[in-house]
Number of protein chains: 2
Amino acid sequence: MNTTGLDGFSLLDETWRAVTPDAARRMLIAAVQAFADKGYHATTTRDIASLAGMSPAAVYIHYRSKEELLFNISLVGHETSLALLSSIQGDGAVQRLRNAVATFAGWHAEFHTTARVVQYELGALSPEHHAEVAELRRQIEQRMRSYIADGVEEGVFDVPDLKGATLAVLSLCIDVARWYQPSGKRTPDEIGAMYADLVLRMVRPT
Amino acid sequence: MNTTGLDGFSLLDETWRAVTPDAARRMLIAAVQAFADKGYHATTTRDIASLAGMSPAAVYIHYRSKEELLFNISLVGHETSLALLSSIQGDGAVQRLRNAVATFAGWHAEFHTTARVVQYELGALSPEHHAEVAELRRQIEQRMRSYIADGVEEGVFDVPDLKGATLAVLSLCIDVARWYQPSGKRTPDEIGAMYADLVLRMVRPT
DNA sequence: CTTAGCTCTAAGCAACCGCTTAGTATGGAG
DNA sequence: CTCCATACTAAGCGGTTGCTTAGAGCTAAG
């Protein structure tokens, strides 16, 4: 019998494995699910606590406020996706951009629950916390831009507007978190591969 | 002196011109601004009323509930963007897809306030209202797909996965509402033109 | 065993929420 | 003028919100 309302095993565990103690992690995972499902403002601290199988007051043992829960999710989520994007390898700019887009888009599908909170609940962060996360977002953009710029320098990409193309590529990947449904036909890997193809078509020379 | 908190002239007026009486329209425009700014759930009926320069109770003279305000916005917003996408003209599939993407992406920039509510607050609609709007969204997808399919039939596009490509194109345009800022360098028209270029690159034959 | 410290719950507080009610001002019809 | 419908406000109701308080249960060091 599962009294927490959370699956016994979840992909979310992978992202939040480092969070301790156990109850704090369960609370965080419950918050991710609730925020992703209904949005930050529509989620009550009672929702989170009951998803985690605890009393409403238990939230405040591990977190100062509901907003701090969101900040923790947002911070770890951004750090994870930046780390993922920074670890891209491949032989030549074409391979690297292919891997970058496949990985980044695929992450937004596979971890769409986390990604939804990361991408669409930024506005609920306090100004200080928002600024901290914004810096990570700038680094993510810079990484993606450098993968495209590399191909331009190598002469294998034709990109009239580097900043605009970067924006479009990131936008494409990020929006996966909005429309992706696990019940859909495509797997996260297939979405990643398809998007990598589409992006390479966008930047290939005439 | 402006006591309503709304600009004397606003692009929003264009979309909501048909809404009467005057107070009902002002209330609706105030709701669009508040919902776009903070999200549906973070907006109180007092916020809306005070933006419209009226008392909290005045909301309920013209609308049954806060959700009905959202539904009105969502319905008119979807109908407007569907009408826009349906009116696309052009000589040949290349021109038509170019116009379609430029128009649709441009609308999401120019009317980003409305578009944000339309695209990101669907989840706050009642099940009945959501179903009604979902039908319009299906028609929008079908329109965009047909513009791409036309080019495939004409033999001027190379699209391995029609449904996937349609999804990506719509996704690209819709996400403009998330990142667009009027203070940015690009005008809505420039964004539309750039996106039309990127999309045509995506579907052009090798 | 005692005791300190951590984790948790039951109960509840002040503030705020969506929405309603009672009543006022206005303007046009008869 | 009276009468009535419409559009609005002041006040407030019941319920919910984020968060706090007081205290219980458990663990482990001394």
Side-chain angles (χ1 to χ4, degrees), chain A residues 2-6 16 19-35 37-74 117 121 123-129, chain B residues 2-6 16 19-35 37-74 117 121 123-129:
Chain A
N2 184 355
T3 57
T4 66
L6 297 170
W16 312 110
V19 178
T20 53
D22 198 76
R25 181 176 55 254
R26 271 163 48 214
M27 206 75 84
L28 222 155
I29 293 175
V32 172
Q33 295 204 312
F35 291 164
D37 194 41
K38 309 193 288 180
Y40 175 81
H41 288 291
T43 299
T44 70
T45 55
R46 285 164 179 83
D47 291 336
I48 298 167
S50 104
L51 258 179
M54 306 180 84
S55 78
V59 172
Y60 297 91
I61 307 291
H62 304 287
Y63 301 94
R64 259 192 275 272
S65 67
K66 181 182 156 189
E67 192 270 348
E68 199 181 271
L69 263 169
L70 176 64
F71 175 58
N72 272 308
I73 294 164
S74 195
V117 181
E121 302 296 342
L125 290 168
S126 72
E128 296 78 18
H129 287 163
Chain B
N2 184 355
T3 58
T4 67
L6 296 171
W16 312 110
V19 178
T20 52
D22 197 77
R25 181 175 56 254
R26 271 163 49 215
M27 206 74 83
L28 223 154
I29 293 175
V32 172
Q33 296 205 310
F35 291 164
D37 193 40
K38 309 193 289 182
Y40 175 81
H41 288 291
T43 299
T44 70
T45 54
R46 286 163 178 85
D47 290 337
I48 298 167
S50 104
L51 259 179
M54 307 181 85
S55 78
V59 173
Y60 297 90
I61 308 289
H62 304 286
Y63 301 94
R64 258 193 276 271
S65 65
K66 181 182 156 189
E67 192 271 347
E68 198 180 273
L69 264 168
L70 176 64
F71 175 58
N72 272 307
I73 294 164
S74 195
V117 181
E121 302 296 341
L125 290 168
S126 74
E128 296 77 19
H129 288 162

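Each chain gets a letter, A, B and so on, in the order its sequence line appears, and its residues count up from 1.
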Between [options], which nucleotide gets closest to the side-chain atoms of [X]?
X: A:M54; options: C:dC19, C:dT9, D:dC8; result: C:dT9
X: A:A57; options: D:dC8, D:dC19, C:dT9; result: C:dT9
X: B:Y60; options: D:dC19, C:dC19, C:dT9; result: C:dC19
X: A:I61; options: D:dA7, C:dC17, C:dC8; result: C:dC8
X: B:R46; options: C:dG18, C:dT9, D:dC19; result: C:dG18

Please confirm whether the shortest side-chain N or O distance from [X] to OP1 or OP2 of [N] is below 4.0 Å.
X: A:T45; N: D:dG18; value: yes
X: A:H62; N: C:dC8; value: yes
X: B:S55; N: D:dA10; value: no

Rounded distance in Å - [atom1] ([X]) to [atom2] ([N]):
X: B:H41; N: D:dT17; atom1: NE2; atom2: P; result: 12 Å
X: A:E67; N: D:dT17; atom1: CD; atom2: P; result: 19 Å
X: A:E68; N: D:dG18; atom1: CD; atom2: C1'; result: 14 Å
X: B:D47; N: C:dC16; atom1: CG; atom2: C1'; result: 11 Å
X: A:D22; N: D:dC26; atom1: CG; atom2: C1'; result: 16 Å
X: A:K38; N: D:dT16; atom1: NZ; atom2: P; result: 13 Å
X: B:L69; N: C:dG18; atom1: CG; atom2: C1'; result: 12 Å
X: A:I48; N: D:dT17; atom1: CD1; atom2: P; result: 11 Å

- Message: So for the helix from C:dC1-D:dG30 to C:dG30-D:dC1, with five pairs setting each end axis, what is the inter-axis angle to 10°?
- Response: 10°
Does [X] use its side chain to pair, donor to acceptor, with the backbone of [Y] at less than 3.5 Å?
X: A:E67; Y: A:S126; answer: yes
X: B:D37; Y: B:A34; answer: no
X: B:K66; Y: B:Y40; answer: yes
X: B:Y63; Y: B:A24; answer: yes

Roughly how far apart are [X] [atom1] and [Y] [atom2], rounded to 0.5 Å?
X: A:R26; Y: A:H62; atom1: CZ; atom2: NE2; value: 8.5 Å
X: A:W16; Y: A:I73; atom1: CH2; atom2: CD1; value: 5.5 Å
X: B:L69; Y: B:N72; atom1: CG; atom2: CG; value: 7.0 Å

